[in-house]
2 protein chains.
Amino acid sequence: MAAPDDKALADATLGAAAAELLGDRRLIIATNRGPVSFATAADGSLRPRRGSGGLVTALGQVGHHVPITWVAAAMSDGDRRAAADPKLLRAAAGGDDSVRLRFASVDRAVYEAAYNVIANPLLWFLQHQMWNLPERPNIDAGVMRAWERGYVPLNEAFARAVLAQARGDRRPRIMLHDYHLYLAAGPIRAARPNAVISHFTHIPWPPSSIWLTIAPPIREGIAIGLLANDVVAFQTERYAHNFLRMVESFVPDAEVDYEHQLVRRRRRVTHVRHYPISIDVDATRRIAGSRAARRRADQLLGGTRERVIVRVDRLEPSKNILRGFLAYEALLQRQPRLRGRLSFLAFLVPSRTGLREYGDYGRKVQNAVDRINARFGMSGWRPVQLFYENDYAQALAGLSIADVVLVNPLVDGMNLVAKEAVIVSEHDAVLVLSETAGAFDQMAGGVLAVAPADVVGTANALASALAMTPDERRKRITKLRRGVEDEDITWWLRRQLEDLAELTG
Amino acid sequence: MAAPDDKALADATLGAAAAELLGDRRLIIATNRGPVSFATAADGSLRPRRGSGGLVTALGQVGHHVPITWVAAAMSDGDRRAAADPKLLRAAAGGDDSVRLRFASVDRAVYEAAYNVIANPLLWFLQHQMWNLPERPNIDAGVMRAWERGYVPLNEAFARAVLAQARGDRRPRIMLHDYHLYLAAGPIRAARPNAVISHFTHIPWPPSSIWLTIAPPIREGIAIGLLANDVVAFQTERYAHNFLRMVESFVPDAEVDYEHQLVRRRRRVTHVRHYPISIDVDATRRIAGSRAARRRADQLLGGTRERVIVRVDRLEPSKNILRGFLAYEALLQRQPRLRGRLSFLAFLVPSRTGLREYGDYGRKVQNAVDRINARFGMSGWRPVQLFYENDYAQALAGLSIADVVLVNPLVDGMNLVAKEAVIVSEHDAVLVLSETAGAFDQMAGGVLAVAPADVVGTANALASALAMTPDERRKRITKLRRGVEDEDITWWLRRQLEDLAELTG
């Protein structure tokens, strides 16, 4: 664990970076999903609900360090009503003004088009290379309409909401986030040419051969839209490189400088950077160390055999859960002596259950689990235990008792489970990690690497992990843990603030 | 048309390049499919059959210019028997020794594993980005066995067959081809350190994020295997770049020099080049100008309305035939005045009809055609005419009468239909071409570009093509035709011979 001194020092350094960038300004952050959303209660009143999700959790830390104004999309009718009620927003944000909450509000139909036609199905699937390209996507008239009358106006609404928070400031400091907001910087830049604007993409940035398949107005709109930022940031070097290649391919009047990682266009310079996101180490430890989590860990351990394999994932195809079970099945098949001695605990969080692709995938996962349990199970031993619920403390409890943690996504912007696992592990867990997870770039030296489609290789990695000596396990996790402690969420934020201050100074 | 003088000059230049590279040697070419295969007749005798396919056609030209020894895989039991009968091989090759035919022979089970487990399903699908990654491929024990006991031994057999043709020559000149032979250079290099070896990949080379998904022994085997060549060649700059990035990612002891497009590893240098393949312009003209083809063209034209859209493709998913019809449907939908005035002739060649994916895709294509014809067809007018057969002369006849040629593959190594179309066109056809086809790099200046998933954009491009003035059409096709005449199959071969001579001189 980082010593308290280190922690205080890190906070002070972050504070200094923030002060240099911000002066007496607030940092303006814009994301699709905000820290609070509003539901309309039976009596017609608005009830705030804390948001969840990795991005909200990560950015929630930011407000501890610098005063922020957080602009989020009004996703529900409740949000749209709350948007006009500053008092309510203030109360919901905690009342102390360290986080000031605002909504970017558009008509429901506009939002639905942006969110449910463009951002989630088209961009998210595309950037995770999840399309079965011979058949989908089809950029038809409906998709183009959703782009022009949904995604574009939503981004313009974000720009207006941000500008409303920057009144009287010729150089507001603005951080835009993720795949919902690729176009927001343009109209902000037009109104405030000297604004300091960054955009961070949390999901993968695929190579140009993927972007090449979709409509030019969309891919060029995205590339040019992002170039209105001062800094365009990604999780990894590979994603940043892919963005530079994309600009070179699709923006004829842009000049790409690979050596200095920047783009020149129309007398403006856009820096392209990568900042791997991380976790709040202390908060993660606090939750994992809570009495409830400790008790749950003991219960889980009581129901397992000698060695425990754990995975924690949203239940969806990009997490590659199916091949993880196929690898486990292959392992039990070829090493009969492991039967009865292993437990595989899978903590799967329900995700977008309304989407057909997700539902189909969930059924296939369940079938694989049933097959493995039927094939190898014995009296008193279930080879796979599935936990299908959203219980973060329980998931951390599971990670804490693991001998092996399997994180084998097809592709993943970062993957914070890999980082949580090394922080909360109490049994020196061995981490088996996909090379296609963003986290692999930082953690390669301490994990067992797997290629996501490689079921044989994944089975081999599980076998190696189970056979690893205690010394080697200790050595690896110590190294990994130090890495996550050093490069935590504060580090992620501080480097961005420092770069913004320096690049725009 | 290139003037006869130009043609004679091109041949002479090619001859000079060949002489410089070869001296009095023969050029050794190795491909999976050879120019002749053998079937066993009812009486037990072996009957030669001319091979087909773009690669065989293209390389068939090479023998007109330089003496070659052509090593192909024994694909059938007839081939395996013929492999041991030099007299038969000589007769089948034409008898004049300008093309000397040899087989690389392995047991049928070995060949089947290499061809039907690794090369076609795994590598071809992967390199065309056609996997639905959440579910396939699964690199399981069967796939790894097919790699180790199929693909590897087949490549070793090719190396032995090549070396048998290089007896007594310390510097044989060897050109290996395509995705069946990624590993052949290694054992040749081990036996002949000074051999001059090149490898040309005819299909796309995807970015590393695609290679990252499959088993390290396969992807690293391929990268290292190719580095045993002096020249590793691709169709386009993008594919060559992707290969360099792949080497950087997967071969730790390799040093990649992007500026000079080469790789240094263990004191060897491998040059990475791109040579866009092309057609034999004269041969194409000869077939299109035959009396049978001219008659067929007249018949086809008699059955069409004012404007004719044509496509020619193997019927398979990478050709993106379905979205082409969706675009045509959208066009008829939104421009009612075009109904009854357009004809869409689709010449679709049966391909791998035994593969489930191909069969499913074929049915979807047929359904789309039936739907469009039912929806818009009128007495005497069928909006789409489908020709499902392998008739090259008929396809050229179709291209010759086209007003618009639609070539919209998802991804394509080169696509020779685009080049044939501009050579045989008699109506100054407008070419609508995917940016993801290798041919796009050479032809961008004269075509209407489309992104393959962009149905709206494709419909727009068809509309623009149909509305283009005769002058503009003439200007464009003149430019495109000159490009294909200048950069024809002779040019493709000559540049490779020249580079090999220079790089290894």
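Order of the sequence lines fixes the chain letters, A, B, ..., with proteins taken first and strands second; residue numbering starts at 1 for each chain. Everything numeric in this text was worked out from a predicted model, so none of it was measured. All values below were derived from every heavy atom in this structure, side-chain atoms included, with hydrogens, water molecules and symmetry-related copies excluded.
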Chain A contact via B:I218 - which portion, at a heavy-atom distance below 4.5 Å:
neither

Is it the side chain or the backbone of B:E316 that comes within 4.5 Å of chain A heavy atoms, both, or neither?
neither

Is it true that atom CZ of B:R339 has more than 12 heavy atoms of other residues, nucleotides or ligands lying nearer than 6.0 Å?
yes

To check you understand the geometry: which heavy-atom pair defines the closest contact between A:V263 and A:V247, and what is its length?
CG1-CG1, 3.9 Å

Where along residues 249-260 of chain B does a heavy atom come under 4.5 Å of chain A, listed by residue number?
B:S249

Contacting region of A:I321 [heavy-atom separation from chain B under 4.5 Å]:
neither

Portion of A:M130 that has a non-hydrogen atom of chain B nearer than 4.5 angstrom
both

Quick check: closest heavy atoms across B:A346 and B:F325, and the distance to 0.1 Å?
CB-CZ, 3.8 Å

Counting heavy-atom pairs under 4.5 Å to chain B, which of A:P206, A:P317, A:A215 comes out on top?
A:A215

Sort out for me which of A:R238, A:K319, A:R334 touches chain B most, counting heavy-atom pairs under 4.5 Å.
A:R238

For chain B, which candidate among A:L322, A:L212, A:I210 shows the most heavy-atom pairs at distances under 4.5 Å?
A:L212

For the ring pair (Phe, Tyr, Trp, His ring centres under 6.0 Å) test, which of A:Y179, A:F234, A:Y239 pairs with A:W205?
A:F234

Heavy-atom pairs under 4.5 Å with chain B - which of A:A451, A:P216, A:S318 has more of them than the others?
A:A451

Please name the pair of heavy atoms, one in B:A330 and one in B:A459, separated by the smallest distance, quoted to 0.1 Å.
CB-CB, 4.2 Å

Could you walk me through whether B:T213 and B:L133 satisfy the side chain to side chain contact (heavy atoms under 4.5 Å, CB included) test, starting with their C-alpha distance in whole Å, then the side-chain angles of each, then the deciding distance to 0.1 Å, before giving a yes or no?
CA-CA 9 Å; B:T213 61; B:L133 279 178; 4.2 Å; yes

Distance (rounded to the nearest 0.5 Å) between B:D454 CG and B:E435 CD:
9.0 Å

With ring pair (Phe, Tyr, Trp, His ring centres under 6.0 Å) as the test, pick out the partner of A:W131 among A:W211, A:F125, A:W124.
A:F125

Side chain from CB out, backbone as N, CA, C, O: work out which of these in B:H241 comes under 4.5 Å of a heavy atom of chain A, or both, or neither.
side chain

With a 3.5 Å cut-off and no angle check, do the side chains of A:N320 and A:R323 form a donor-acceptor pair?
yes

Return the CD to CG distance between A:Q129 and A:L410, rounded to the nearest 0.5 Å.
9.0 Å

Contact leader toward chain A among B:D140, B:N138, B:T436, B:V143, where contacts are heavy-atom pairs under 4.5 Å
B:N138

Of the listed A:R136, A:M144, A:E135, A:E357, the one with the largest count of heavy-atom pairs under 4.5 Å with chain B is A:E135

Give the minimum heavy-atom separation between A:P204 and A:V411, together with the two atoms involved.
CG-CG2, 3.6 Å

Can you name the nearest heavy-atom pair linking A:V432 to A:A465, along with the distance?
CG2-CB, 4.3 Å

For B:R219, is it the side chain, the backbone, both, or neither that has a heavy atom closer than 4.5 Å to a heavy atom of chain A?
side chain

For B:K364, is it the side chain, the backbone, both, or neither that has a heavy atom closer than 4.5 Å to a heavy atom of chain A?
side chain

